[in-house]
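Take a look at the structure set out below.
Order of listing sets the numbers, starting from 1, for every ligand and every atom in it. Along the sequence shown, the residues carry numbers beginning at 1.
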Amino acid sequence: MAMSFFKPNHTHHLSSTSILNSPFPKVYPTKSMSIRPSFSTRIPIHFRAKPVSSVPTKPFFSLSSKAFSSQISVSAAKPDEMPARIGFLGLGIMGSPMAQNLIKAGCDVTVWNRTESKCGPLISLGAKYKSSPKEVAASCDVTFAMLADPESALDVACGEHGAAKGMSPGKGYVDVSTVDGATSKLIGTHIKATGALFLEAPVSGSKKPAEDGQLIFLTAGDRSLFDTVAPLLDIMGKSRFFLGDVGNGAAMKLVVNMIMGSMMASFSEGLLLSEKVGLDPKVLVEVVSQGAISAPMFSMKGPSMVQSLYPTAFPLKHQQKDLRLALGLAESVSQPTPIAAAANELYKVAKSRGLSDEDFSAVIEALKAKLQNKPE
Ligand SMILES: NC(=O)C1=CN([C@@H]2O[C@H](COP(=O)(O)OP(=O)(O)OC[C@H]3O[C@@H](n4cnc5c(N)ncnc54)[C@H](OP(=O)(O)O)[C@@H]3O)[C@@H](O)[C@H]2O)C=CC1
Ligand SMILES: O=CC(=O)O
């Protein structure tokens, strides 16, 4: 199906440096590039790192700081083929900066959020406003949705005033929320019944990567919609994977977050154990950062965790939701996941202690409560 999209009214353009004008993605050698993912999988996977030429309105200094790697090349993102009118539903921790990056890149963006007041800052940056997902979808070529969980993603897409009601042939719906495959397929079925195209595109990367346009998109669904929105994904992210049929993007995201949730629980145990045996947990954070188990997550969150501070980037309730959904995925294929199951119990304890809206690193508090033998 041909998508009837038009060039956006960019307010800024590329500076005429030779790097930016090259038609090919630039590969900047960095330490991280020595680690190359293996694609020995039954799912057809296409990966593309952010090509320099596809982020037309960002200043050169922001490009030079990015770590590019190049794997299987997919069709090049052409800024002049970007959808003209873009809808954005869901302006929470992630949705707001993502929509903001689109606006700052010169895109014509229309927003909606359940709590209307969160639309204000984006409207002051130039966004338009509509009072329902249906109206946003009806007035836009492509609509993105960044909702909390399967229930809200389904309601916003398929509810009474949901986006599907405003969809029609020639339009596209891109759900970037983290949901399970069954929910994503249901949303896709409703959207496609209108003649529109559907792409699931959950993101890896938290608040800061969302602000910096450094997200990793894990997409699946209509390949032509993936190609159409590629320039937009490249504004909001640093790389994008096309993983085949709807459900594969959701599954990849859940596996990644299952690992992340277990890692954070294990890190929490280590911090508390080190303190109990008389070590300085701050030194543990430093030691971990220099070795083979170093991870940006530990270095970023460790220093605040030792101070019992949990400024929210990824809400704990969403991490527990992802573990729950990942355990369901594992159950569906009889894959044992005892470590993730144990981690999930800790997040549930943390939620029951009122930590749902804290950062997920607050899971450490569940272990403190256990160590102190407090009632749950
Ligand atoms: N934060 C992070 O680091 C990351 C989060 N994610 C995933 O992205 C998604 C969004 O996360 P995040 O932005 O952090 O979450 P937030 O909790 O900050 O935002 C959730 C959004 O969903 C909306 N929402 C919730 N319930 C409903 C409902 N019943 N009907 C309509 N809208 C609803 C909220 O609206 P309102 O403002 O009215 O509450 C808000 O816009 C989640 O699926 C999360 O797992 C993925 C990667 C990283
Ligand atoms: O889903 C959370 C993330 O950091 O990715």
Q. If we ignore angles and hydrogens, is there a donor and acceptor under 3.5 Å between the side chains of K165 and S132?
A. no
Q: Run the contact test for Q319 against ligand 1 with a 4.0 Å cut-off on heavy atoms, strictly below, and give the result.
A: no
Q) So which heavy atom in the protein is nearest atom 19 (O) of ligand 1, and how far is it from that ligand atom? A) G92 CA, 3.4 Å
Q) For atom CD1 of I339, is the number of surrounding heavy atoms from other residues, nucleotides or ligands below 6.0 Å larger than 12? A) no
**Q.** Short N or O distance, V203 and ligand 1, threshold 3.5 Å exclusive
**A.** no
Q | Candidate with minimal heavy-atom separation from atom 33 (C) of ligand 1, of P209, S152, G162 | A | S152
Q | Atoms of ligand 1 close to A313 [distance to a heavy atom under 4.0 angstrom, numbered from 1] | A | 1 (N), 2 (C), 3 (O)
Q: Taking only heavy atoms of K321 into account, list the atoms of ligand 1 that are under 4.0 Å away from them.
A: 42 (C), 43 (O), 44 (C), 45 (O)
Q.
Please determine whether any non-hydrogen atom of K253 lies less than 4.0 Å from an atom of ligand 2.
A. yes
Q | Nearest-contact summary for atom 14 (O) of ligand 1 - protein heavy atom, Å | A | I93 CB, 3.5 Å
Q: For the residue pair S139 and E135, confirm or rule out a side-chain donor-acceptor distance under 3.5 Å.
A: no
**Q.** Which of the ligand 2 atoms, numbered from 1, are nearer than 4.0 Å to a heavy atom of F314
**A.** 1 (O), 2 (C)
Q: Return the orientation label for the F314 and F360 ring planes: parallel under 30°, perpendicular over 60°, tilted otherwise.
A: perpendicular
Q.
Test your reading of the structure: does G205 have an N or O sitting under 3.5 Å from an N or O of ligand 2?
A. yes
Q. Which of the numbered atoms in ligand 1 are below 4.0 angstrom from a heavy atom of L91?
A. 41 (O)
(Q) Looking only at distances, can you tell me whether any N or O atom of G205, backbone or side chain, sits closer than 3.5 Å to an N or O atom of ligand 1? (A) no
Q. Where is the nearest protein heavy atom to atom 16 (P) of ligand 1: which residue, which atom, and how far?
A. H318 NE2, 3.7 Å
Q) Are any of the N/O atoms in N257 less than 3.5 Å from those in ligand 2? A) yes
Q) Can you find a side-chain donor-acceptor pair between D149 and S152 that sits under 3.5 Å? A) yes
(Q) Looking at E211 and K208, is there a salt bridge between them, counting it only when a charged N and a carboxylate O are closer than 4.0 Å? (A) no
**Q.** Polar atom proximity, L147 to ligand 1 (N or O, under 3.5 Å)
**A.** yes
Q) Q319: heavy atom below 4.0 Å from ligand 2, yes or no? A) no
Q.
If the threshold is 4.0 Å, N to carboxylate O, is there a salt bridge linking K185 and D245?
A. no
Q) Who's the nearest protein heavy-atom neighbour of atom 22 (O) of ligand 1, and how far? A) A148 N, 3.2 Å
